[in-house]
J.: 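Structure in structure tokens, see below.
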Amino acid sequence: MNQTVAIILFALLAVAVISFLINLYNKLVLLKFNVDKAYSNIDVVLKQRADEIPNLVSVAKHFMNYEKDILTRLTELRTVYNTTKDSDKKTVLANETSKALSSFFAVSENYPELRSNNNFLELQKRISELENKISDRREFFNDSVNLYNIGIHEFPNVILAKMLGYKDKTLLEVTDQEKQYHGVQF
């Protein structure tokens, strides 16, 4: 009888451990797919913004002879963004693009001819609308990333997460200019 009780207890313990591991694994998978979904939602808008950059650069080149570094940087960031598949790298590039665009729009204030150009104004308005969409989706993305990053560092999740190769994800940052800048001024 003692042997039967021991076998039953061992079987119950094994079922409990297996159930715990399955639940832990499922939680990590849920967190990972939430981040992927949030990234897919924001990637669409980030891609639209990247697609607007060549038009913006083209219009601005005629007016901004002395600001070639900013225009070149925007073009490089767009090219790398469009060719990169890694979501963490794309997030870093999106953060850099936000900073470059903020610098670009700040410098454009020094060019009254550019600021009065209809094509430029339309592109600036379009990019501003995209930035608003990005900021709306950034909150959901960053919440998902935060939950994921916490989830893979909690004990005992950290053990299974390391075995599965889960790594921290990068947050989409808010630039200092975005914190101060409240819309496009025409």
J.: Going by heavy atoms in the side chains, are Leu71 and Phe104 under 4.5 Å from each other?
T.: yes
J.: Taking Ile127 as the starting point, is it possible to reach Val44 by hopping between hydrophobic residues whose side chains are less than 4.5 Å apart?
T.: no
J.: Flag the pair Glu173 and Arg138 as a salt bridge only when some basic side-chain nitrogen lies within less than 4.0 angstrom of an acidic carboxylate oxygen.
T.: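 Answer for the salt bridge query: no.
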J.: Same cluster or not: are Phe140 and Leu171 linked, directly or through other Ile, Leu, Val, Met, Phe, Trp or Tyr residues, by side-chain heavy atoms under 4.5 angstrom apart?
T.: no
J.: Compare every heavy atom of Ala94 with every heavy atom of Leu172, then report the nearest pair and how far apart it is.
T.: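 So the minimum-distance heavy-atom pair works out to CD2-CB, 3.8 Å.
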J.: Does a side-chain heavy-atom distance below 4.5 Å link Phe141 with Asn146?
T.: no
J.: Quick one: do Leu56 and Phe120 satisfy side chain to side chain contact (heavy atoms under 4.5 Å, CB included)? Show the steps, please.
T.: CA-CA 7 Å; Leu56 188 67; Phe120 178 77; 3.8 Å; yes
J.: Are any non-hydrogen side-chain atoms of Val158 and Ile152 less than 4.5 angstrom apart?
T.: no
J.: Please evaluate residues Lys167 and Asp88 with respect to the criterion side chain to side chain contact (heavy atoms under 4.5 Å, CB included), reporting the C-alpha separation (whole Å), side-chain torsions for both, the decisive distance (0.1 Å), and the verdict.
T.: CA-CA 10 Å; Lys167 293 182 171 49; Asp88 278 337; 5.9 Å; no
J.: Using the rule that Ile, Leu, Val, Met, Phe, Trp and Tyr join whenever any side-chain heavy atoms are under 4.5 Å apart, tell me whether Val92 and Ile42 fall into a single cluster.
T.: no
J.: Group every Ile, Leu, Val, Met, Phe, Trp and Tyr by side-chain heavy-atom contacts under 4.5 Å, then state whether Ile150 and Leu30 land in the same group.
T.: no
J.: In residues 17-27, what donor-acceptor pairs under 3.5 Å come from side-chain atoms, sequence neighbours left out?
T.:
residue : atom : partner : partner atom : Å
Ser19   : OG   : Val15   : O            : 2.9
Asn23   : ND2  : Ser19   : O            : 3.4
Asn26   : ND2  : Ile22   : O            : 3.4
Lys27   : NZ   : Glu154  : OE1          : 2.9

J.: Hydrogens and angles aside, do Arg73 and Ser103 bring a side-chain donor and acceptor to less than 3.5 Å of each other?
T.: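 Distance-only check fails for Arg73 and Ser103.
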J.: Hey, which of Thr97, Ile53, Asp43 is the one that makes side chain to side chain contact (heavy atoms under 4.5 Å, CB included) with Tyr81?
T.: Asp43
J.: Side chains of Leu147 and Asn34: closer than 4.5 Å at any heavy-atom pair?
T.: no
